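In what follows, a single structure is set out as structure tokens and then discussed.
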Amino acid sequence: MFALIDCNNFYASCERLFKPEFNGVPVIVLSNNDGCVIARSNEAKELGIKMGAVFYMIEQEIKDHKIAVFSSNYTLYGDMSARVMTNIARFSPDVEVYSIDECFIKVPVTTGYEKFAHDVRNAVIKNTGIPVSVGIAPTKTLAKLANKMCKRTGGVCVLDTEDVITAALKEYQVEDLWGIGRAYATQLIKIGINTAADLRGMPIGFIQEKLTIQGVRMWNELWGKSCIPLSDIIERKKGLCTSRAFSKLTNSIDDLREATVNYASRLALKLRRDNSCATVLSIRLLTNRFKTDKPQAYPSISISLVHPVNNTHDIVAAALSGLEKIYLPGYMFQKVEVMATGLIPETEVQLNLFSSFNGVLNDKLSKIMDDINSHYGVGTLRIASESLKPHWAMKRKYLSPNYTSKWADILKVK
DNA sequence: TCTGGGGTCCTAGGACCC
DNA sequence: TCTGGGGTCCTAGGACCC
């Protein structure tokens, strides 16, 4: 049996944890650049605030209902997530951290699933203050489904017999299934497949044709046959990406250079934290796709690097050379994307017979930079062309303090 | 003025091999 | 009159996830 444990309204719950005066009050959390709503407390959901709602379009509603607003604070959420996962790990040796706010575990008991679910839930709530829901079922797909049904059942839901599963599938909308997104949902509903039970009732050939092999796995899982194993080993990443919209559009090559340098050095840091090196670096400029009356362009380039690298200087230099090649003067750009692919572990980097490159493991400069920055704060030591507070930097007007990870931000109790 | 950021997997088709 | 059968690798695009 699998359990899916999911934090309720995770980002909103994190913010509320340190602002208890917002308990019982509608709370929303915004995406980067304070663009749209990405988390809502139950009260905000009840007011009809939609996931993905565009912030500036609902400002009046927010004022009218006195909704508390936060910019997203991933430092805080990441730290709270680690605390939740650590608590869950005490209940099972097999944990797959699936996202920042949810994990699958193998259920270590063979009976008494309800009690087990309540034990996990109560422990996490008591030790971290974050409310969670626990869904238990024979497969991961069904555990996901059980978890979503927790809203009705009070935080815990067990689907352990064929009768219970069948009844649940009949009530469950096909578009809410794990693995059915917008495109598939539209197609399925058009031909009269509305519930999970309808989908499960279709022949496997139909599933294979319409939804490919992943659909076949899901279909089997709905029948209780486990096809998606728990992956409790963290796989190496295949690519890393830094991409962020600017607070305002720009066509200035200087702005774009500055942004590219900033993003590329962030990317280099991500690579080093991942202990991997890039063999290919891609860079892309993007115009604002919502401004349909303005000319659109998404120029990009992929650069094969001479050596696999993860030091800031080489990554930045490659990114800048790419930028010069793709820059188009006549467009207002909203975003630059810097991507590293063809990643290899830094311990497996081969040296090149024909160059003086000394290998990543001898890269003392990066190590010193990272040490100083982790001790004195991000940006203490950086390359000269990187700016600390650029004018195009993303908006984070409603940012909360880093209560759990910065000495200066720790809550003071009188 | 203002619409997120980061990933994964699968398929089809083309280029190439013997 | 008529042009095989089996592969691999890569890329672009589309679907999905949170």
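A quick note: this is a predicted structure, and the numbers were derived from the prediction, not measured. First the proteins, then the strands, lettered A, B, ... as listed; each starts at 1.
- Rounded to whole Å, atom P of B/dC2 lies 15 Å from atom NZ of A/K397.
- Distances shorter than 4.0 Å separate some side-chain N or O of A/K335 from OP1 or OP2 on B/dG5.
- For A/I213, the side-chain atoms get nearest to B/dC10 when compared with the rest of B/dG7, C/dC17, B/dC10.
- Remark on DNA chain B: of its neighbouring residues A/E235 and A/N32, the 5'-side contact belongs to A/N32, judged by nearest-heavy-atom nucleotide.
- Between A/Q214 atom CD and C/dC17 atom C1' there is a gap of 10 Å when expressed in whole angstrom units.
- Among the heavy atoms of the strands, none lies under 4.0 Å from A/L30.
- Distance A/K238 NZ to C/dT11 C1': 16 Å, rounded to the nearest Å.
- Among the atoms of the strands shown, only primed sugar atoms or phosphate atoms (P, OP1, OP2) are found under 4.0 Å from some heavy atom of A/Y98.
- Using a 30° and 60° split on the angle between ring planes, A/Y403 and A/F18 fall in the parallel class, below 30°.
- Comparing C/dG4 with B/dC17, their C1' atoms sit 15 Å apart, to the nearest whole Å.
- In this structure, A/D293 places its CG atom 14 Å from C1' of B/dT3, rounding to the nearest Å.
- B/dC18 is paired with C/dG5 under the criterion used here, namely a Watson-Crick or G-U wobble arrangement in which both key atom distances are under 3.5 Å.
- Across all strands shown, A/L267 has no heavy atoms under 4.0 Å from either base or sugar-phosphate atoms.
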**Prompt:** What do the steps show when you test A/F2 against A/W178 for ring pair (Phe, Tyr, Trp, His ring centres under 6.0 Å), and what is the final call?
**Reply:** CA-CA 15 Å; A/F2 293 90; A/W178 188 43; over 10 Å; no

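- Annotation: side chain of A/L4 is not in contact with side chain of A/L145 (no heavy-atom distance under 4.5 Å).
- Within 4.0 Å of A/G52, counting heavy atoms only, lies no atom of the nucleic acid at all.
- If you measure from atom CD of A/E59 to atom P of B/dT3, you get 12 Å, rounded to the nearest angstrom.
- Nucleotide C/dC18 holds its P atom 17 Å from the NZ atom of A/K237, rounded to whole Å.
- Using a 4.0 Å heavy-atom distance criterion, A/Q187 is classed as making no nucleic acid contact.
- DNA chain B is contacted by both A/T242 and A/F246; A/F246 maps to the nucleotide lying nearer its 5′ end (nearest heavy atom per residue).
- Between A/S243 and the phosphate of B/dG6, there is a side-chain N or O to OP1/OP2 separation shorter than 4.0 Å.
- Residue A/K395 has no polar side-chain atom (N or O) positioned under 4.0 Å from OP1 or OP2 of B/dT1.
- Using a 4.5 Å heavy-atom threshold, the side chains of A/L365 and A/N311 count as separate.
- In this entry the distance linking CZ of A/R289 with P of B/dC2 reads 14 Å, nearest Å.
- In this structure, A/I100 reaches neither bases nor backbone, as no heavy-atom distance under 4.0 Å exists between it and the strands shown.
- Phosphate proximity of B/dG6 to A/K270: present, with a side-chain N or O under 4.0 Å from OP1 or OP2.
- Comparing B/dC2, B/dG4, B/dG6 by their nearest atom to the side chain of A/K291 picks out B/dC2.
- Closest approach to the A/L249 side chain among C/dC16, B/dC2, B/dG4 is made by B/dC2 (side chain taken as heavy atoms from C-beta onward).
- Atom C1' of nucleotide B/dC9 and atom CZ of A/R217 are separated by 8 Å, given to the nearest angstrom.
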**Request:** Go through the steps for A/F116 and A/Y113 under the test ring pair (Phe, Tyr, Trp, His ring centres under 6.0 Å), then give the verdict.
**Result:** CA-CA 5 Å; A/F116 176 78; A/Y113 298 124; 8.2 Å; no

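- Put simply, A/N288 has a side-chain N or O that comes within less than 4.0 Å of OP1 or OP2 on B/dT3.
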**Prompt:** Do A/S41 and A/E43 pass the side chain to side chain donor-acceptor pair (under 3.5 Å) test, and can you show the C-alpha distance, the side-chain angles, and the key distance before you say yes or no?
**Reply:** CA-CA 5 Å; A/S41 69; A/E43 298 80 4; 2.9 Å; yes

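- Nearest to the side chain of A/E102, among B/dG6, C/dC18, C/dA15, sits C/dC18.
- The aromatic rings of A/Y77 and A/Y74 stand perpendicular to each other, their planes meeting at an angle above 60°, with 30° marking the opposite boundary.
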